[in-house]
Structures are given as C-alpha cells and as structure tokens.
Amino acid sequence: MSTELVEKKTIGEVEHIVHASGLWDGTGPVEFSNDGDTWVEAWAPTVETGSDGEVISVEIAHPEFARVEVYRKDVRIPTKVTIRWAEQYPAASEEWSGKWDRSPMRHLGRTVRMVAFRQTFRDLLGDIRIEEEIDERDLPATAAASASDAAPAVRDWDAEIAAAETVEQIDQVEADARAARVFTPDAAGTARHRALRARRKAIVESAWALDHATAPTPEPVQTPAAADRPAPRDYLPPQNRADRRAARRKRGRR
C-alpha cells in the first residue's frame with residue numbers, strides 16, 4: 001500500500017490559486033444527470049409518493065453524473081469534465097460518505113470542479129486534492145497493517161542457497177532469485193550471488209568425486225613374461241653361424 005503524502009486543500013483554496021494565476025477565464029455551471037442524457041443545474045431526488053402526498057420510497061437518492069467546463073486564457077478549447085458518482089463516492093471514509101449522502105449535489109458538484117481545475121491547471125495544482133477525495137492513502141493505519149499481514153512471506157534466499165543439495169535445486173533457487181531481483185547491484189546482492197555460485201560449484205564437485213569413487217577399477221592387462229620368450233640370436237655374426245653348422249656336420253659323421 002502506498003504511503004505517499006498528498007497535499008490537500010479546500011475547494012476555496014484551490015479556486016484562490018487558480019484565480020490568482022491570471023490564466024483562469026471562467027467556469028461554466030455544474031450540471032447533473034441521472035442517465036447521462038438529461039442534464040439539469042438543480043437536481044433533486046426522484047421519489048415516489050402516495051395519494052396523500054406521503055413519500056413511499058426514494059428511487060434515485062443521488063445524481064449519477066456531474067459535468068462542468070473550465071476555461072483557460074491561453075487555451076482555445078475549454079476543459080470539459082464528466083464524473084460518475086460511483087467513482088468519486090468516498091466509501092472509505094464514514095465521515096465523508098455520510099456528508100455525501102446528506103448533500104449529494106453539493107459534494108459531487110465541487111468534486112467535479114476540482115477534477116476540472118486539476119486537468120486545466122496541472123502546472124499550478126500538480127496532484128493537489130480536496131479533502132473529500134478519499135483513496136487508499138487515506139485509510140487508517142489499522143487497514144494498512146491488515147494489508148501488510150496478508151502479504152506473502154518473504155523468502156530467506158541465503159538459507160535456500162545453503163540448503164540446496166542438487167544442481168537442479170540450486171538452479172531453481174537462482175531462477176527464482178533472478179525473477180525477484182534479489183541480486184541487487186550492491187554489497188549484499190553481490191555477496192549473495194557469490195554464495196550461490198560457490199554453492200553450485202561445491203555441489204558439482206561433490207557429485208564428481210562421488211561418481212569417481214564408486215567407479216570399478218580396471219584389471220591390469222596380462223603380458224607374457226620376458227623369460228617365456230626365446231632370446232634373440234640375431235646379434236651373432238654370420239661367420240659364427242656357419243662354423244656352428246660345420247661343427248654339427250662333423251659330429252654327424254662320427
């Protein structure tokens with residue numbers, strides 16, 4: 001709920017500002033209507049009476065519409081404003097709603113003048129309102145407290161980052177945090193983002209270490225022993241081989 005302070009004045013104070021500017025060029029009569037087609041300057045409730053003149057019921061207790069024209073000297077076309085009772089009725093204030101119910105023409109009439117003044121002389125009035133223009137900023141503090149109680153709980157981002165145990169969980173926390181814009185461009189936001197990246201790195205490293213610790217150890221490849229292989233004899237000179245063959249022939253002749 002907004003806590004913005006809005007300047008309020010009476011309709012007389014607003015008219016003084018407008019008239020003193022030297023730019024005001026007149027205000028047309030305020031007119032009222034029950035249907036938006038037929039307009040009158042003097043409005044009265046529509047009532048149903050009996051044969052003896054006794055009031056049986058009040059069919060229309062307040063005007064549905066009000067309109068007015070405001071002229072400004074440096075603007076060729078006047079400002080024409082039409083407002084609805086339902087949009088302006090100060091239901092949030094028991095005090096002002098009671099006044100409107102008792103004097104509907106007076107209060108709806110000066111409200112339409114205020115709206116027209118504000119549109120015509122925005123440079124002079126800004127967002128000034130008259131006292132009976134009630135909105136949520138005028139509600140009592142208890143109403144603001146109730147709205148605060150109904151607000152959703154604030155997430156503990158630091159706790160969620162520390163509690164994440166899988167890559168999917170930490171990635172979801174990061175996505176939610178970015179959507180909530182918690183990584184603000186200050187020391188706190190930067191520290192939170194670093195903590196998230198460090199937690200993700202720790203999760204990834206832990207998963208990698210676990211995968212490699214449980215992997216089967218490959219069996220060693222069996223290779224023939226060196227003693228099982230005949231020693232190469234190619235290092236002997238060719239002449240020595242011929243002598244050996246001759247010696248074997250001699251032994252055979254004996």
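Because the structure is predicted, anything quoted here is derived from the model rather than measured.
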> Can you pull the salt bridge (charged side-chain N to carboxylate O under 4.0 Å, His left out) pairs that have at least one residue in residues 21-34, sequence neighbours excluded?
Replying inline: Glu31-Arg67
>> Once salt bridge (charged side-chain N to carboxylate O under 4.0 Å, His left out) is applied, what residue pairs with a partner in residues 103-114 remain, sequence neighbours excluded?
In response: Glu15-Arg113, Arg110-Glu132
When you measure from the side chain of [X] to the backbone of [Y], do you find a donor-acceptor pair of N or O atoms at a distance under 3.5 Å?
X: Glu133; Y: Ile130; answer: yes
X: Trp24; Y: Ser21; answer: no
X: Asp123; Y: Gly126; answer: no
X: Arg199; Y: Ala164; answer: yes
X: Thr120; Y: Thr79; answer: no

> Can you say whether the rings of His62 and Trp85 are parallel (under 30°), tilted (30 to 60°) or perpendicular (over 60°)?
Replying inline: parallel
> Relative to the ring of His107, is the ring of Trp100 parallel (under 30°), tilted (30 to 60°) or perpendicular (over 60°)?
Replying inline: parallel
Hey, any chance [X] and [Y] share a hydrophobic cluster, counting ILVMFWY side chains that come within less than 4.5 Å of each other, even indirectly?
X: Phe65; Y: Ile60; value: no
X: Leu124; Y: Ile11; value: yes
X: Val115; Y: Leu125; value: no

> Residues two or more places apart in sequence or in another chain: which of them pass ring pair (Phe, Tyr, Trp, His ring centres under 6.0 Å) with His16?
Replying inline: none
Could you tell me whether the side chain of [Y] reaches within less than 4.5 Å of the side chain of [X], counting heavy atoms only?
X: Ile170; Y: Glu160; result: no
X: Ser33; Y: Pro63; result: no
X: Ile161; Y: Arg192; result: yes
X: Val81; Y: Phe117; result: no
X: Arg178; Y: His193; result: yes

>> Apply side-chain contact (heavy atoms from CB on, under 4.5 Å) to residues Tyr89 and Thr111 and explain how you reach the verdict.
In response: CA-CA 10 Å; Tyr89 182 72; Thr111 299; over 6 Å; no
> When you check the gap from the basic side-chain N to the acidic O, do Arg72 and Asp74 get nearer than 4.0 Å?
Replying inline: yes
>> Between the side chains of Arg200 and Glu174, is the shortest nitrogen-to-carboxylate-oxygen separation below 4.0 Å, so that they form an ion pair?
In response: no
>> With side-chain contact (heavy atoms from CB on, under 4.5 Å) as the criterion, how do Asn34 and Trp43 come out once you've worked through the C-alpha distance, each side chain's angles and the decisive distance to 0.1 Å?
In response: CA-CA 9 Å; Asn34 293 336; Trp43 179 90; 2.8 Å; yes
Supply the atom-to-atom distance [X] [atom1] to [Y] [atom2], rounded to the nearest 0.5 angstrom.
X: Thr166; Y: Asp171; atom1: OG1; atom2: CG; result: 8.5 Å
X: Trp39; Y: Phe32; atom1: CH2; atom2: CZ; result: 9.5 Å
X: Glu7; Y: Ile128; atom1: CD; atom2: CD1; result: 4.0 Å
X: Ser206; Y: Glu165; atom1: OG; atom2: CD; result: 10.0 Å
X: Tyr71; Y: Thr27; atom1: OH; atom2: OG1; result: 9.5 Å
X: Glu95; Y: Glu131; atom1: CD; atom2: CD; result: 9.0 Å

> Are there more than 12 heavy atoms of other residues, nucleotides or ligands under 6.0 Å from atom CZ of Arg122?
Replying inline: yes
> In this structure, are over 12 heavy atoms from other groups packed under 6.0 Å from Lys201 atom NZ?
Replying inline: no
>> Tell me the closest heavy-atom pair linking Pro90 and Ser97, and the distance in Å.
In response: O-CB, 3.5 Å
>> How close do Val68 and Pro29 get, counting heavy atoms only, and between which atoms?
In response: CG2-O, 3.9 Å
>> With no hydrogens and no angle check, just 3.5 Å: does a side-chain donor-acceptor pair link Trp157 and Asp176?
In response: no
> Where do Met114 and Val14 land on the side-chain contact (heavy atoms from CB on, under 4.5 Å) test, with the steps shown first?
Replying inline: CA-CA 8 Å; Met114 180 63 212; Val14 171; 3.7 Å; yes
> Hey, mind stepping through Glu87 and Ile83 against side-chain contact (heavy atoms from CB on, under 4.5 Å) and telling me if it holds?
Replying inline: CA-CA 7 Å; Glu87 294 178 351; Ile83 64 174; 5.7 Å; no
